[in-house]
Amino acid sequence: MRVRFGNHIDSCNRVTHSEGSNLLLITTKNSVYTVDCVTEAYAAELFNRALINGYIDITNLNYSN
């Protein structure tokens, strides 16, 4: 899976979403990112996009590693 972080794209090993949470956890080769998706519904949508498309763009979301 691939994740776009602004001006770069990383391959990720895992995307995790817990039901009822507005957070995604994205694990790359070097880091674990916590992504604030604002709502649980949007977090679930991004999680499903990663599963179906193999790609998500979190450029406009707050994230930290």
Side-chain angles (χ1 to χ4, degrees):
M1 290 179 279
R2 296 169 297 134
V3 178
R4 180 177 180 188
F5 297 90
N7 63 353
H8 72 279
I9 297 170
D10 280 342
S11 292
C12 65
N13 301 327
R14 177 177 293 191
V15 176
T16 305
H17 176 250
S18 298
E19 188 173 325
S21 174
N22 65 319
L23 300 176
L24 288 180
L25 297 177
I26 299 174
T27 305
T28 65
K29 182 178 178 182
N30 300 319
S31 299
V32 176
Y33 293 88
T34 302
V35 183
D36 182 357
C37 298
V38 182
T39 67
E40 189 275 335
Y42 192 54
E45 180 183 330
L46 286 176
F47 180 75
N48 286 325
R49 280 188 206 171
L51 175 66
I52 294 166
N53 300 331
Y55 169 83
I56 56 174
D57 184 349
I58 63 163
T59 299
N60 295 319
L61 298 173
N62 290 323
Y63 58 88
S64 62
N65 64 339

Next on the checklist: If hydrophobic residues (ILVMFWY) are linked whenever their side-chain heavy atoms come closer than 4.5 Å, directly or via other members, who joins Met1 in its cluster?
Outcome noted: Val3, Phe5, Val15, Leu24, Ile26, Tyr33, Val35, Tyr42, Leu46, Phe47, Ile56, Ile58, Leu61, Tyr63

Can you name the residues that form a side chain to side chain donor-acceptor pair (under 3.5 Å) with [X], not counting sequence neighbours?
| X | value |
| --- | --- |
| Asp36 | Asn22 |
| Thr27 | none |
| Arg4 | none |
| Glu40 | none |

Checklist entry - Can you pull the salt bridge (Lys or Arg N to Asp or Glu O under 4.0 Å) pairs that have at least one residue in residues 11-24, sequence neighbours excluded? => result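 For residues 11-24, and leaving out neighbouring residues, there are no salt bridge (Lys or Arg N to Asp or Glu O under 4.0 Å) pairs at all.
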
Checklist entry - What closest approach, in Å, do Ala43 and Ser21 show between heavy atoms, and which atom pair accounts for it? => result CB-O, 3.8 Å

Item to check | Nearest-0.5 Å distance, CG of residue Asn30 to CG of residue Asn65 | outcome: 10.0 Å

Item to check | Expected output: side-chain Asp57 to main-chain Thr59 donor-acceptor under 3.5 Å | outcome: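 Yes; at least one donor-acceptor contact below 3.5 Å.
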
